[in-house]
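Labels below follow one simple rule: chain letters A, B, ... track the order of the sequence lines, proteins then strands, and each chain is numbered from 1. Computed from a predicted structure; not experimentally measured.
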Amino acid sequence: MKTNKNMNNQEIAALLGAISAAYEIKEGNKFKIIAYDRAATAIEHATSEIKDLWDDGKLDTVPGVGVSIGQHLDELFRTGKVKHFKKIMSDLPMAMFEFLDIPGIGPKTAFKLCESLGINGRIGAVKKLKRAAEKRKIRLIEGFGEQSEKDILTGIAELGRREERMLLPHAAELAKKIITYIKKNPEVKEVHLLGSLRRCCSTVGDIDIAVKTDNPGVVIDHFVKYSEVKKIINKGKRKASVMLKSRHQVDFRVQRKSFGAMLQYFTGSKHHNIHLREEALKKGLSLSEYGIKVKGKLKRFENEKDFYSFLGMDWIPPEIRENTGEIEAAQAHKLPSLVKFSDIKGDFHTHSDFRYQESSHDEGINSFEEIVQKAINLGYEYIGLADHSPSVSNHTPRQIIALLSKRKQEIEQIKRSKKLIHLLGREKIREIKILNTLEVDILSDGSLAVPDKGLELLDFAFIAVHSSMKQNRKTMTRRILNGLDHPKVMFLAHPTGRKLGKREGYELEWEKIFDFCLRNNKWLEINAMPDRLDLTDVLVREAVKNGVKLVIDSDAHEVKSMSFIKYGVSVARRGWAEKKDVINALPWNQLRNIIK
DNA sequence: GCCGTTTTCGGCCCGACTGTTTTCAGTCG
């Protein structure tokens, strides 16, 4: 297996996974196998690069990485190789590690195939396996048959063809359609959407659905007949999994009773469940999706609250069930009171169709009036009309000031709009506070794209990076701090610049950013656009720990996406943010004192 | 190999489904 000094998390996870598989072939110690596997998944899901942690001497903060694996990784980052790993894999056919990616094939099967078919090298291994299956050679191997030969062929065909993870709204939309179909069966008593969708992860891989029914067989038969099903992966008395035509997997479970344990189990996360079960074990209890076994006798639960309560814990909101300290907090009755969608009193970041002739970036499609109308419908106390700053390449500073001045006049006219007054009534228009804000580019040298006199026309500004995104961590940090330093600037929008599935975003020296924000009363945005969700949940948690305030904005370019702010709230919740951490959870009479 | 407010030794989550088997091993979530 090829290794080098600069492996990323994905590659390291694959390496440790391969070591786990190798041990599964070579040694009896089942727990060593699990240990490597756990370290691999922990690294795969880690949010900072393991190499960076190693640089900072913080390797031991990664769960599942102890003395031994830690030393191996140290060797890897220093020399690009790990002698111990090489030794373990030396007498195994490298081809087996290629086969592990084929669905349904694990270490034992992979090894057996290599041995029996005489496939060794990594290159072309899958092709050779395919040819053997086509020539009906696999069914001759002991323990294999016609069916497993067929499964291997379909498995190979599936390789690399699985759809990528979905953005949250896309997954929700897909799930909604499936649920509508499931409910058509009269035997269905309750349907619940669980898994990562319930935990509101920023992207969703599989869709998990649980149904309460007195007639499991009928309901499962009904489920697998859904017209969008391409392939039934498995189907039994209690659960079924299917692949949709869209190449997304749906896992489906049915149960008659004790639904509380089922909701808990199927919501996950896996690591939360494992930790929970280990905690229970200390008390002599055994957890499963059916309930809690006390001295061999199963105790059932109607709801999750009773389930957690029986374990001596408070009910844990799904968004934070990621095994990052929530179990300990629930035991100590010290869970945070997470911010809610209904706490949000306004939105600072919306884009209108106001034209400068040439704006710097995408404009919105709705008018100021339509945005204000939507804000009133959402029950907001205030609304920020932002828009991008005029482009510096097409305007002189004087032109920029003139344009912003014109924009200001238009915004001041809104409250007199006959159309709005007609639609909503004078009273509601008077109640909402309309803020003239602006999303100002931070130019690559850290200066702002709007001259001071332009900024003075605003209620306040916020800044964002839209160019030169490849700058290194130090330069980018300096650039952003320079922008934040302006007295008219209140926060940094979409702080990491990531686009889910498209680009990673730039690196920042977060300790410096947090420190600056805290000392100067600047905030960080949680941008609720589904392909941004930026800050990320993990950085939100860090910000909250550091006492930095957040704002949750929609960044809507059309009024219907103003409701997407709920996804931003989910990110805040996943980052353990409470109402007090969120600036736009403040009522206007308190907010007005902060933005001078 | 990892881990610890009942442990630095002695544990390590739990169950469903499938294929090839006559009772289970392997894989998956």
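The nearest whole Å value for the distance from the CD1 atom in A/Ile152 to the P atom in B/dG26 is 15 Å. Distance A/Asn234 CG to B/dG19 C1': 13 Å, rounded to the nearest Å. Atom NZ in A/Lys283 sits roughly 17 Å away from atom P in B/dC12 (whole-Å rounding). At whole-Å resolution of the value, CZ in A/Phe99 and P in B/dG26 are 18 Å apart. If you measure from atom OH of A/Tyr265 to atom C1' of B/dG29, you get 5 Å, rounded to the nearest angstrom. Straight-line distance from the CZ atom of A/Arg38 to the C1' atom of B/dG11: 12 Å, rounded to whole Å. In this structure, the CZ atom of A/Arg253 is 8 Å from the P atom of B/dC17, given to the nearest Å. Distance, A/Asp151 CG to B/dG26 P: 17 Å, rounded to whole Å.
For A/Lys137, the NZ atom counts as loosely surrounded, since its 6.0 Å shell holds 12 or fewer non-hydrogen atoms of other residues, nucleotides or ligands.
Across all strands shown, A/Lys282 has heavy atoms under 4.0 Å from base atoms, whether or not it also approaches the sugar-phosphate. Within the nucleic acid shown, A/Ser241 has no heavy atom closer than 4.0 Å to any nucleic acid atom. The residue A/Leu276 sits apart from the nucleic acid: no heavy atom pair falls under 4.0 Å. Across all strands, A/Tyr36 comes closer than 4.0 Å only to sugar-phosphate atoms, never to a base (heavy-atom distances). Using a 4.0 Å heavy-atom criterion, one finds that A/Ile34 contacts no nucleic acid atom at all. As judged by a 4.0 angstrom heavy-atom cut-off over every strand, A/Ile274 is placed among the base-contacting residues. Across all strands, A/Glu146 comes closer than 4.0 Å only to sugar-phosphate atoms, never to a base (heavy-atom distances).
Phosphate proximity of B/dC14 to A/Ser286: present, with a side-chain N or O under 4.0 Å from OP1 or OP2. Under 4.0 angstrom from either OP1 or OP2 of B/dG29 there lies no side-chain N or O belonging to A/Arg277. Phosphate contact (OP1/OP2 of B/dG15, side-chain N/O of A/Lys293, threshold under 4.0 Å): present. Look at A/Lys108 and you'll find a side-chain N or O under 4.0 angstrom from OP1 or OP2 of B/dG26. Side-chain nitrogen and oxygen atoms of A/Ser288 include none within less than 4.0 Å of the OP1 or OP2 phosphate oxygen of B/dC14.
Proximity note for A/Glu289 (side chain, C-beta onward) versus B/dC17, B/dA16, B/dG1: the nearest is B/dA16. Residue A/Ile69 has its side chain nearest to B/dC2 when only B/dC2, B/dC13, B/dC17 are considered. Here the nucleotide nearest the side chain of A/Ala35, chosen from B/dA16, B/dC13, B/dC2, is B/dC2. If you check B/dC2, B/dG19, B/dA16 against the side chain of A/Gln147, the one that comes closest is B/dG19. Taking every side-chain heavy atom of A/Leu281 into account, B/dC12 is the closest of B/dC12, B/dG1, B/dG29. Closest contact between the side chain of A/Tyr290 and the listed nucleotides B/dG19, B/dG15, B/dC2 involves B/dG15.
Taking atom P in both B/dC13 and B/dT20, one finds a spacing of 30 Å when rounded to whole Å. Of the C1' atoms belonging to B/dC2 and B/dT7, the separation is 14 Å, rounded to the nearest Å. The gap from the P atom of B/dC12 to that of B/dC17 amounts to 25 Å, rounded to the nearest Å. For the P atoms, the distance linking B/dG15 with B/dT22 amounts to 26 Å, nearest Å. Taking the C1' atoms as reference points, B/dT21 lies 10 Å from B/dA25, given to the whole Å. The gap from the P atom of B/dC14 to that of B/dC9 amounts to 25 Å, rounded to the nearest Å. As rounded to the nearest Å, B/dT23 and B/dG19 have C1' atoms that lie 13 Å from one another. Between B/dT8 and B/dG4, the two P atoms lie 13 Å apart (nearest whole Å).
Closest heavy-atom contact between A/Lys51 and A/Phe77: CD-CD2, 3.3 Å.
Aromatic ring orientation, A/His72 versus A/His84: parallel (interplanar angle below 30°, classes split at 30° and 60°).
The shortest distance between side-chain heavy atoms of A/Leu533 and A/Ile526 does not fall below 4.5 Å.
When the nearest nucleotides of DNA chain B are assigned to A/Ala110 and A/Lys237 by heavy-atom distance, the more 5′-ward of the two goes with A/Lys237. Mapped onto DNA chain B by nearest heavy atom, A/Pro103 and A/Pro63 fall at different nucleotides, with A/Pro63 at the one closer to the 5' end.
Interatomic distance, CE of A/Met243 versus CD of A/Gln249, reported as 5.0 Å (0.5 Å rounding). One distance of note links CG of A/Leu129 with CD1 of A/Ile105; it measures 6.0 Å at 0.5 Å rounding.
Partner of A/Phe301 under the ring pair (Phe, Tyr, Trp, His ring centres under 6.0 Å) criterion, out of A/Phe259, A/Tyr265, A/Tyr290, A/Phe307: A/Phe307 alone.
Pair check for B/dG4 finds B/dC9; Watson-Crick or G-U wobble, both atom distances under 3.5 Å.
Inspection of the A/Gln264 and A/Asn273 side chains reveals an N or O donor paired with an N or O acceptor under 3.5 Å.
Base orientation of B/dT21: anti, since the glycosidic angle falls outside 90° of 0.
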